[in-house]
Amino acid sequence: MQPLLHDLAVTLRAPTVCLSGADGQIRDTGTQGVIAGDVRVLGRAVVTVDGAEPEPIAHGTDGASAEYFIGLLRDLGGSGDDPTVWLRRDRTVRGDGIAERFTLVNRADTDLTVVLELAVGADLASVGSIKAGGPGPAAGAVHVTWDAPGADADGARLRWPVTVPARSSEARGYSLTVRDDAAVVVAAPSGLQRTLTVFADDPRLARLLDRALDDLDALLLTEPGHADLFAGAGAPWYLTLFGRDSLWTATLLLPVDVRLAAGTLRTLARAQGRVVDPATGEQPGKIPHERRRAGSDHGRMTLPPLYYGTVDATALWVCLLRDAWRWGMPAAEVEALLPNLHAALGWISEYADRDGDGFVEYFDESGRGLANQGWKDSTDSVRFASGVIADGPVALAEVQGYLAEAARAGAELLDAFGGDGAAGWRRYADGMAARFRERFWVGGAHPALALDGDKTPVDALTSNIGHLLGTGLLDAAESERVGARLLGPDMATGFGLRTMSSTAGGYNPLSYHCGSVWPHDTAIVMRGLTRAGQHARAAELGRQLLDAAAGFDSRLPELYAGFGADEVAAPVPYPASCRPQAWSAGAAVALLTTVLGLAVDVPAGVVTLRPPSPSPVGAVRVRGLAVGRGRLDVDIDRDGTVTHVAAPAGMRVELGR
């Protein structure tokens, strides 16, 4: 069974992550350990003082990459009621390893002589075998170097004899450095260009943003030999390149640093498909799903190191290229990617529609890949309202929206950069909207989740339909129906948007995709509602995300349970959820964008601000939003009225409701 993560301390600097108990001890159980580049290089690090483990009383973080733990040693020191001896464990995770410092504090009136010992071990297990909850083969050769000044070592233990004078402290420590010659991703050479500061009446907004941007800095990666930044999807399972996750993260982060979008686009373009290979899912022009140092075996599912089993990443790549250009990605950088744009559009026209019905389907031809290839990629995620699982090939609702938007985005870029075929792509988008209107709507109430292999609408109500908002696939009346339906009590929990209606036969609040809440999913729907002019509904979902974040120490996890605020006082963890997760962290920036009603078009020279009224976080003061090569400052009051704007030179500001 997959080991649980919800109660572990997580410290990271991609591609390295440390997971321990809340007491700081790293025990050889479950997911605990130091994982670097998909290899567990340290599986045990248990500290004792004269044979006794410290009794934990506190732990905390200093950003994403540093954590401390404090434990009492009550059998040592003075004889009074108050503790006089304790151990502080300071942990710092680097992209190439970890360092820990143990500070023994003696507040007694007498000197203290003890043996500080660290029991260590490693199994070099792959992240796939760890996730599967059982032993597995070694992940491959890595080189690990230890440095433990003053320690006696016997291979499984480090020992430091320590004398701590009265009312003083002594520190010892070690560092572990990893060299991985087979690495496909490495630590980023730099972080985000963070000039953003936010002050709001609701202080939770600034706390959420600060934590999210710290986490995103720690999740940044690049490929060996390249400087292009992209976000690793999440810790501990997904600290590598993922097409869909990295693209959505970069999209949500456009108001912070457009370089992340540019780096993500270029990195994925280098791996863009060139041949037809059913074993990997590769097709010419297709954007990949996932890159690993080695293939992974999950029983029925065996994935190659570079895997293309995603139906949506190619369209999302086209949309991000257009969005990044609008936010100020230099024209020369956009132009350099035009061959990749043509290839991506070629995949849409030649390969995306498997059976010629005008919709985009997926089906795993290898029999060993992902059965579902949208963002809800678990095997049971595509269900009818009755709970019955749909048979493929599957045409997902949101994917048709992505493709329609990608067609219009491609046409916009072709017009701007002198390419041919823009009119044809606009006709494609219009045709997709007409076909969708005819085939996907369930009795006029809401769009279906998908069409199954028999072209029957999969009629469950899910959050997927919220991804259609703002794509151009829906008209104004349809968008209004979708927005109203999603804010119903069976979908909006009070802590965000359920992935599936609580009235559906397959609903389970503790499922991965059939009733849980994913912050990035809620954020994408917020973004769509804002683009569709439904600012009050977007603001309500933003408020719900803030309430949820308060239950997770301002660090939104990958997902959490779909119990409603009328059922529980605080959000319930999904116990195997990753954290931090890149697109969940990106949801914090999406929330700020929603609060401001912000849209940017640098080529057109326009900044648009349409805040919801009232503001869901009260008055807000924002400084340093990224707009092209300049910065945007905005103040709004509690009513959502813009009271101050300072835009980059040459940019016109449009205000409205």
Side-chain angles (χ1 to χ4, degrees), residues 12-17 35-39 41 65 93-97 126-127 139-145 177-193 216-235 238-247 249-250 253 257-275 277 280 282 284-296 303-308 310 313-314 317 320-321 324 329-330 332-341 343-344 582:
L12 82 155
R13 175 66 58 179
T16 303
V17 59
I35 302 171
D38 285 353
V39 182
V41 296
S65 304
V93 174
R94 311 182 310 269
D96 65 348
S126 69
V127 73
V142 294
H143 304 275
V144 178
T145 304
T177 302
V178 180
R179 192 183 88 242
D180 183 0
D181 295 334
V184 296
V185 296
V186 295
S190 61
L192 297 169
Q193 290 183 344
L216 284 160
D217 262 340
L219 286 165
L220 294 182
L221 291 163
T222 191
E223 293 182 308
H226 296 279
D228 292 321
L229 301 178
F230 61 89
Y238 309 122
L239 282 178
T240 188
L241 175 67
F242 274 78
R244 179 190 307 116
D245 299 55
S246 298
L247 287 162
T249 301
L253 266 288
D257 190 350
V258 75
R259 293 182 314 143
L260 181 60
T264 302
L265 289 163
R266 286 192 289 264
T267 300
L268 290 168
R270 286 194 290 271
Q272 192 172 28
R274 291 173 173 79
V275 300
D277 184 354
T280 65
E282 183 178 0
K286 194 175 187 183
I287 295 298
H289 172 62
E290 175 182 2
R291 181 190 287 277
R292 297 277 189 180
R293 58 179 284 131
S296 54
L303 302 184
L306 182 58
Y307 180 54
Y308 289 82
T310 169
T314 306
W317 187 93
L320 178 58
L321 182 62
M329 182 176 170
E333 296 184 26
V334 176
E335 195 164 11
L337 290 170
L338 292 182
N340 304 96
L341 170 65

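Excluded from the calculations below are hydrogen atoms, water molecules and symmetry mates; all remaining heavy atoms, backbone and side chain alike, are included. Computed from a prediction, not measured in an experiment: that's the story for all the values here.
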| task | Working to the nearest 0.5 Å, report the span between OG1 of T280 and NE2 of H289. | result | 13.0 Å
| request: Mind checking the NZ-CZ spacing from K286 to R274? Nearest 0.5 Å is all I need. | output: 15.0 Å
| task | Measure from the side-chain N and O atoms of Q272 to the backbone N and O of A343, and report whether any donor-acceptor pair falls under 3.5 Å. | result | no
| request: Search all heavy atoms of A582 against all heavy atoms of G232 and return the closest pair with its distance. | output: CB-O, 3.4 Å
| request: Would you mind reporting whether L337 and M329 have side-chain heavy atoms less than 4.5 Å apart? | output: yes
| Taking R13 for the side chain and D217 for the main chain, is one N or O donor matched with an acceptor at less than 3.5 Å? | yes
| said: For a 4.5 angstrom cut-off between non-hydrogen side-chain atoms, does V178 reach T16? | reply: no
| Within a strict 4.5 Å, meaning less than it, do heavy atoms of the I35 and P15 side chains meet? | no
| message | Applying side chain to side chain contact (heavy atoms under 4.5 Å, CB included) to V127 and R292, what does each step give before you reach the verdict? | response | CA-CA 10 Å; V127 73; R292 297 277 189 180; 3.8 Å; yes
| query | Short question: side chain of D257, backbone of Q193 - any donor-acceptor pair under 3.5 Å? | reply | yes
| request: Determine, step by step, whether L239 and L219 satisfy the side chain to side chain contact (heavy atoms under 4.5 Å, CB included) criterion, reporting the C-alpha distance in whole Å, the side-chain angles of both residues, the deciding distance to 0.1 Å, and the verdict. | output: CA-CA 7 Å; L239 282 178; L219 286 165; 3.5 Å; yes
| said: Quick check: closest heavy atoms across E333 and A262, and the distance to 0.1 Å? | reply: OE1-CB, 3.7 Å
| query | Are any of the side-chain heavy atoms of T267 and E223 separated by less than 4.5 Å? | reply | yes
| field | Check against side-chain hydrogen bond (donor to acceptor under 3.5 Å, both in side chains), R293 and S126 | value | CA-CA 10 Å; R293 58 179 284 131; S126 69; over 6 Å; no
| message | Can you tell me how far apart CD1 (I287) and CZ (R244) are? Round to the nearest 0.5 Å. | response | 13.0 Å
| task | Test T249 against L216 for side chain to side chain contact (heavy atoms under 4.5 Å, CB included), laying out the working first. | result | CA-CA 9 Å; T249 301; L216 284 160; 3.8 Å; yes
| request: Go through L268 and F230 one step at a time and tell me if the side chain to side chain contact (heavy atoms under 4.5 Å, CB included) criterion holds. | output: CA-CA 9 Å; L268 290 168; F230 61 89; over 6 Å; no
| message | Could you check whether any side-chain heavy atom of T264 comes within less than 4.5 Å of a side-chain heavy atom of L247, counting everything from C-beta outward? | response | yes
| note | Closest non-hydrogen atoms of S246 and A231, given as atom of the first, atom of the second and distance, are OG-O, 2.9 Å
| note | Correct closest heavy-atom pair for G273 and Y308 would be N-CE2, 3.7 Å
| said: If you define the side chain from C-beta out and look only at heavy atoms, does anything of L241 sit under 4.5 Å from L221? | reply: no
| message | Please give me the minimum heavy-atom distance between V184 and P224, naming the atom from each residue. | response | O-CD, 3.2 Å
| said: Side chains of T177 and R94, heavy atoms from C-beta outward: is any pair under 4.5 Å? | reply: yes
| query | Would you call L220 and L192 a side-chain contact if the rule is heavy atoms closer than 4.5 Å? | reply | yes
| note | Closest non-hydrogen contact found for T222 with P189 is CG2-CD, 4.0 Å
| If you measure from the Lys or Arg side-chain nitrogens to the Asp or Glu carboxylate oxygens, is any gap between D228 and R266 under 4.0 Å? | yes
